[in-house]
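Before any comments, here is the structure.
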Amino acid sequence: MQRRHRPRWDVLLAIAAGGALGSLARYGLTVAFPHPRGGFATSTLLANLIGCLLVGGLMVTVTDLAQPHRLLRPFLGIGLLGGFTTFSTYVLDATDSALTGHPGLALLYAVVSVLGSLALVVTGMSGTRALRKLVTVRPRQSG
């Protein structure tokens with residue numbers, strides 16, 4: 001027998017609110033760091049790198065730490081950071097650079113985007129765990 005899932009409107013609203021905020025933040029980066037067609041897409045690169053750093057920190061926070069509110073992960077992880085990062089745009093930017101006669105720039109952009117994003121997810125996870133160790137209060141041992 002198949003179970004029917006009822007939509008959880010509060011989760012969908014949390015994702016939608018986070019997505020709207022993340023998309024606005026990415027648009028702000030685009031306005032702050034515009035690039036010409038075929039040029040190095042600094043705003044897209046920054047959005048993806050910053051987003052990956054924050055995803056790493058968020059995943060450690062919601063999995064390793066205390067019980068977060070059940071809407072925190074959908075709001076931040078799927079909504080906010082999903083709306084902020086834009087890997088589909090990264091592919092279009094790299095393709096556009098190659099098609100406008102800048103294949104070297106396209107290759108550099110693609111490599112920095114992928115390797116930088118992966119490295120920053122790991123950095124976000126490691127940094128969050130290190131920060132957690134620093135702020136954890138340890139009882140004094142009497143001796």
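Residue numbers run from 1 in the order of the sequence given.
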Rounded to the nearest 0.5 Å, how far does CZ of R132 lie from OG1 of T61?
9.5 Å
Hydrophobic cluster membership, with links at side-chain heavy-atom distances under 4.5 Å among I/L/V/M/F/W/Y: are F75 and L58 in one?
yes
Any residue meeting ring-ring contact (aromatic ring centres under 6.0 Å, His included) with F40, in chain and number order, not counting sequence neighbours:
Y109
Separation between CD1 of I50 and CG of L53, rounded to the nearest 0.5 Å
8.5 Å
dist K133:NZ -> T128:OG1 (nearest 0.5 Å) comes out at 12.5 Å
Path from M59 to L81 over hydrophobic side-chain contacts below 4.5 Å:
yes
Shared hydrophobic cluster, V122 / L120 (ILVMFWY, side-chain heavy atoms < 4.5 Å):
no
If hydrophobic clusters are built by linking Ile, Leu, Val, Met, Phe, Trp and Tyr wherever their side-chain heavy atoms come under 4.5 Å apart, do V114 and L45 end up in the same one?
yes
Go through the steps for N48 and T86 under the test side chain to side chain contact (heavy atoms under 4.5 Å, CB included), then give the verdict.
CA-CA 6 Å; N48 289 332; T86 176; 4.1 Å; yes
Nearest 0.5 angstrom please: L131 CG to R129 CZ, how far?
13.0 Å
Point-to-point distance, once rounded to the nearest 0.5 Å, from OG1 of T44 to OH of Y90:
11.5 Å
If I compare all heavy atoms of A106 with all of A94, which pair ends up nearest, and what's the gap?
CB-O, 3.2 Å
Provide the closest heavy-atom pair for S97 versus G39 in the form atom of the first, atom of the second, distance.
OG-O, 3.5 Å
Note: S113 and L49 closest approach over all heavy atoms is O-CD2, 4.4 Å
Sequence neighbours excluded, every pair satisfying salt bridge (Lys or Arg N to Asp or Glu O under 4.0 Å) that has a member inside residues 83-110:
R37-D96
Please list every donor-acceptor pair under 3.5 Å in which a side-chain atom of residues 12-35 meets a protein atom from a residue at least two apart or in another chain.
| unit_1 | atom_1 | unit_2 | atom_2 | d |
| --- | --- | --- | --- | --- |
| S23 | OG | G19 | O | 2.9 |
| R26 | NE | G83 | O | 3.2 |
| R26 | NE | F84 | O | 3.1 |
| R26 | NH2 | G83 | O | 3.2 |
| T30 | OG1 | R26 | O | 3.1 |

Going only through I, L, V, M, F, W and Y residues with side-chain contacts under 4.5 Å, is there a path from V112 to L105?
yes
